[in-house]
Amino acid sequence: VERRTFRQQLLPWAIDWFVSMYQKRGYKSLNQFAMATGMQKSSLSRYFHQQRQLPSGMMAKLCQELKVTPNEMMRALGMWQ
């Protein structure tokens with residue numbers, strides 16, 4: 001069985017999923033979401049463009065704000081099947 005690294009599991013729709021989820025919560029832009037949550041806009045962009053792996057400590061805060069489960073978030077990021 002071939003092991004896949006994080007980079008090999010990129011899902012092109014991760015950023016689209018993230019945008020649709022924050023828009024459902026009433027945020028009009030990534031900048032607005034970042035400012036309201038106190039998170040760095042550049043870090044959020046990197047997580048959902050899958051240029052950087054989401055730290056486990058950020059998972060709960062993002063899930064709470066987006067009203068999704070950790071499983072939903074991990075599936076969207078290709079971290080869970």
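Start at 1 with the first residue, then count along the sequence. Just so you know, these numbers use all the heavy atoms, side chains as well, and skip hydrogens, waters and symmetry mates. Since this is a predicted model, take the numbers as computed values, not measurements.
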Participant: Who passes side chain to side chain donor-acceptor pair (under 3.5 Å) against Ser45, sequence neighbours left out?
Facilitator: His49
Participant: Do Lys67 and Lys24 have side chains that approach each other closer than 4.5 Å (heavy atoms only, starting at C-beta)?
Facilitator: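 Result no, sub-4.5 Å side-chain heavy-atom pair not found.
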Participant: Would you say that Leu44 contacts Tyr22 through its side chain, given a criterion of any heavy-atom pair below 4.5 Å between the two side chains?
Facilitator: no
Participant: Can you name the closest pair of heavy atoms from Leu66 and Arg25 and give their distance?
Facilitator: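 Where Leu66 meets Arg25 most closely, the heavy atoms are O-CD, 3.7 Å.
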Participant: Provide the full list of ring-ring contact (aromatic ring centres under 6.0 Å, His included) pairs with a residue in residues 56-79, sequence neighbours left out, each pair given once.
Facilitator: none
Participant: Would you say Leu62 and Met39 make side-chain contact, with heavy atoms under 4.5 Å?
Facilitator: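 Side-chain contact under 4.5 Å: yes.
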Participant: If I take atom CZ from residue Arg46 and atom CD from residue Gln51, how far apart are they, to the nearest 0.5 angstrom?
Facilitator: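 Reported to 0.5 Å precision, the distance equals 7.0 Å.
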Participant: Step by step, work out the side-chain contact (heavy atoms from CB on, under 4.5 Å) result for Trp17 and Phe48.
Facilitator: CA-CA 9 Å; Trp17 176 86; Phe48 291 97; 3.8 Å; yes
Participant: Side chains of Met73 and Leu54, heavy atoms from C-beta outward: is any pair under 4.5 Å?
Facilitator: yes
Participant: For Gln32 and Lys28, indicate whether the former's side chain and the latter's backbone hold a donor-acceptor pair under 3.5 Å.
Facilitator: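 It does hold such a pair.
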Participant: Taking all non-hydrogen atoms of both residues, which atom of Ala76 and which atom of Trp13 are closest, and how far apart?
Facilitator: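 Closest pair (atom of Ala76, atom of Trp13, distance): O-NE1, 4.3 Å.
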Participant: Might you point out which heavy atoms bring Leu77 and Gln50 nearest each other, and give the distance in Å?
Facilitator: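 Heavy-atom minimum between the residues: O-NE2, 2.8 Å.
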Participant: Using the ring-ring contact (aromatic ring centres under 6.0 Å, His included) criterion, which residues pair with Tyr27? Sequence neighbours excluded.
Facilitator: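 So Tyr27 forms a ring-ring contact (aromatic ring centres under 6.0 Å, His included) with Phe33.
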Participant: Any chance CD of Gln40 has more than 12 other-residue heavy atoms, nucleotides or ligands included, within less than 6.0 Å?
Facilitator: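 Not more than 12 within 6.0 Å, no.
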Participant: Please identify each residue that fulfils side-chain contact (heavy atoms from CB on, under 4.5 Å) with Lys41, with sequence neighbours left out.
Facilitator: Leu30, Asn31, Ala34
Participant: How would you list, by chain and number, every residue that makes a side chain to side chain donor-acceptor pair (under 3.5 Å) with Thr69, sequence neighbours excluded?
Facilitator: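 Once residues adjacent in sequence are excluded, the partners of Thr69 under the side chain to side chain donor-acceptor pair (under 3.5 Å) criterion are Glu72.
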Participant: Apply side-chain contact (heavy atoms from CB on, under 4.5 Å) to Gln23 and list each qualifying residue two or more places apart in sequence or on a separate chain.
Facilitator: Val19
